Chemist: 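Once you've had a glance at the structure underneath, I'll fire off some questions.
Here the structure is a predicted model, which means the values were calculated and not measured. Position 1 is the first residue of the sequence, and the numbers go up from there.
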Amino acid sequence: MAIILMTASCLIISTNLLVAAALAKILLKKRRQSWCFVLNLAVADTLVGVAITGLATEDFNTDDGNGTQSRPPNMAAAAAPGRGRCLLRMTFVSSPCIASIMSMFLISLDRYAAIKLPLRYAQRSGRGVAAGALASLWVCAFALGFMPVMVPSLQSEFYNGFCDFFSVIYDVGIIILYSVCFFPVLSVFVYIYLDILKIACTHQRQILQVRQAGSRTSEYGNSTDHNLRPRSPYWSHVKALRTVALLVGCFLLLWCPFFITCLVKLLCGSCQLTQLLEGYLFLLGLSNSLINPLVYAFWQREVRLMLADMFSCCKRRTQGQSGAGGSLLTRKIQPEMTRRRKFP
């Protein structure tokens, strides 16, 4: 598990930093608040990868050398310092995960407002709104993530020195707390995309009517384009929404099993689901932080072009340095070869 977590951490950090660099360059060219929210998602996922390294080091430290994790025999000796350290590590993992989920929620709301209320969105979008939304997001994420530290009743009293999520956190309380936050967000996601689907169908009917009207006027000798399509910011928002929809779909597939199993554990007290939650489903949810940058790298055209431009610049610099070295060597050798030809 430690090797898996360390590998996942390296992949999450590297891919998110690469996409974040591309997003930062795009943001410098196109100063729109939607790109601020997308960059914030990459930053939150990067912090998830950094936090996972703490879990990996904890697993390495508790390994007994035979591939199994050892529990200290003296529970009271390990309880005081180990419990606080383990609790902080778990909260440092949960806080960026919450920030990543809330960032996707914020991106969806931003796209929804751009399509549903385009005039009001154009008037009210700006740096101040984006900064306020991002500040509120991180305050809420750290408040929810560090809730077990601030509220002692959410801490487990039966810590035995083995650091995992439910060994330091009261499972019933934290499941209720996180489920109350997760499932309303999930319902808002579903409502947003159903409403956007209805709006898209309405716009599609209007486009068909415009095309039919254009084809009828062209039959009377008017030079009208048969492929008439109204060019408006709406279409750029719809194209961006496809990527957001893919992100949300991956998010639902990767995080829903964890939270649904948490509810089953809450309702069925005799069910032994802790190992399933911590060993498999939580790791499946963490992989969402690796999927997000890959989706943007392959599905968002601006990000894909910026990444290609970054790689081409690095390649040109490398070739330029090697070419400069080669030309310098040629300038040193060529006079010597000329002298040898003149004076054999």
Side-chain angles (χ1 to χ4, degrees), residues 12-13 15-52 91-118 120-147 149-150 177-178 180-182 184-186 188-189 192-193 196 233 236-237 240-241 243-248 250-251 255 285-286 288-293 295-297 300 302-303 306:
I12 289 172
I13 293 173
T15 53
N16 278 285
L17 284 179
L18 185 62
V19 173
L23 290 170
K25 286 193 171 186
I26 294 173
L27 187 60
L28 291 176
K29 293 181 179 179
K30 302 178 180 180
R31 298 181 178 274
R32 297 203 305 259
Q33 71 174 17
S34 57
W35 290 114
C36 294
F37 300 151
V38 177
L39 179 60
N40 185 75
L41 176 63
V43 172
D45 288 331
T46 304
L47 293 179
V48 171
V50 173
I52 291 175
T91 52
F92 271 113
V93 172
S94 59
S95 295
C97 285
I98 295 171
S100 177
I101 294 173
M102 294 179 68
S103 296
M104 282 189 287
F105 181 70
L106 195 59
I107 293 171
S108 300
L109 284 180
D110 179 74
R111 297 295 89 203
Y112 179 68
I115 293 175
K116 184 76 172 180
L117 306 168
R120 189 177 298 177
Y121 176 82
Q123 293 174 355
R124 297 188 177 182
S125 61
R127 296 181 181 178
V129 176
L134 293 178
S136 302
L137 182 148
W138 283 103
V139 169
C140 293
F142 277 104
L144 290 173
F146 280 82
M147 189 73 71
V149 178
M150 297 181 291
L177 178 63
Y178 288 169
V180 166
C181 299
F182 174 78
V185 170
L186 177 62
V188 173
F189 273 143
I192 284 176
Y193 285 99
I196 288 175
S236 62
H237 296 315
L241 193 68
T243 305
V244 179
L246 185 60
L247 285 175
V248 173
C250 295
F251 159 73
W255 275 113
L286 291 178
N288 185 55
S289 296
L290 178 62
I291 297 297
N292 289 339
V295 169
Y296 267 100
Q300 194 74 6
E302 290 90 344
V303 180
M306 183 57 69

Chemist: Grab the two heavy atoms, one from Leu23 and one from Ala42, that are nearest each other, plus how far apart they are.
Modeler: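 That closest heavy-atom pairing would be CD1-CB, 4.2 Å.
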
Chemist: How long is the gap from CG on Leu106 to CZ on Phe37, to the nearest 0.5 Å?
Modeler: 4.5 Å

Chemist: State the CD1-CD1 distance between Ile291 and Ile12, to the nearest 0.5 angstrom.
Modeler: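 Taking CD1 in Ile291 and CD1 in Ile12, the distance rounds to 9.5 Å.
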
Chemist: What pairs with Phe92 under ring pair (Phe, Tyr, Trp, His ring centres under 6.0 Å), at least two apart in sequence or on another chain?
Modeler: Phe146

Chemist: How close do Val48 and Leu286 get, counting heavy atoms only, and between which atoms?
Modeler: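 Minimum heavy-atom separation between Val48 and Leu286: CG1-CD2, 4.0 Å.
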
Chemist: Sequence neighbours excluded, which residues qualify as ring pair (Phe, Tyr, Trp, His ring centres under 6.0 Å) partners of Trp138?
Modeler: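 Only Phe142 meet the ring pair (Phe, Tyr, Trp, His ring centres under 6.0 Å) criterion with Trp138.
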
Chemist: Test side chain to side chain contact (heavy atoms under 4.5 Å, CB included) on Val303 and Trp35 and set out the steps.
Modeler: CA-CA 10 Å; Val303 180; Trp35 290 114; 4.0 Å; yes

Chemist: Just verifying a value: how many Å separate Met104 CE and Asp45 CG, rounded to the nearest 0.5 Å?
Modeler: 7.0 Å

Chemist: What closest approach, in Å, do Cys36 and Leu27 show between heavy atoms, and which atom pair accounts for it?
Modeler: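 Result for this residue pair: SG-CD1, 3.7 Å.
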
Chemist: Begin from the C-alpha positions of Val38 and Glu302 and carry the test side chain to side chain contact (heavy atoms under 4.5 Å, CB included) through to its verdict.
Modeler: CA-CA 12 Å; Val38 177; Glu302 290 90 344; over 6 Å; no

Chemist: Which heavy atom in Ala143 sits nearest to a heavy atom in Met150, and how many Å separate them?
Modeler: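 Smallest heavy-atom distance, with atoms named: O-CE, 3.5 Å.
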
Chemist: Is there a side chain to side chain contact (heavy atoms under 4.5 Å, CB included) between Ile101 and Phe105? Walk through the geometry before answering.
Modeler: CA-CA 6 Å; Ile101 294 173; Phe105 181 70; 5.8 Å; no

Chemist: I'd like to know whether Asn292 forms a side chain to side chain contact (heavy atoms under 4.5 Å, CB included) with Phe251, so could you lay out the CA-CA distance, the side-chain angles of the two residues, the decisive distance to 0.1 Å, and finally the verdict.
Modeler: CA-CA 9 Å; Asn292 289 339; Phe251 159 73; 5.9 Å; no

Chemist: Examine distances only and state if a side-chain atom of Ser100 and a backbone atom of Pro96 form a donor-acceptor pair shorter than 3.5 Å.
Modeler: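 Judged by distance alone, no pair lies under 3.5 Å.
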
Chemist: Roughly how far apart are Leu137 CG and Leu134 CG, rounded to 0.5 Å?
Modeler: 6.5 Å

Chemist: How many angstroms lie between atom CG of Leu47 and atom CD1 of Ile52, to the nearest 0.5 angstrom?
Modeler: 11.0 Å

Chemist: Going from CE on Met306 to CG on Leu18, what distance comes out if it is rounded to the nearest 0.5 angstrom?
Modeler: 12.0 Å

Chemist: How close do Ser34 and Arg111 get, heavy atom to heavy atom, and via which atoms?
Modeler: CB-NH2, 3.1 Å

Chemist: With sequence neighbours left out, what residues match Asn16 under side-chain hydrogen bond (donor to acceptor under 3.5 Å, both in side chains)?
Modeler: none

Chemist: Please name the pair of heavy atoms, one in Ser108 and one in Phe189, separated by the smallest distance, quoted to 0.1 Å.
Modeler: OG-CE2, 3.2 Å

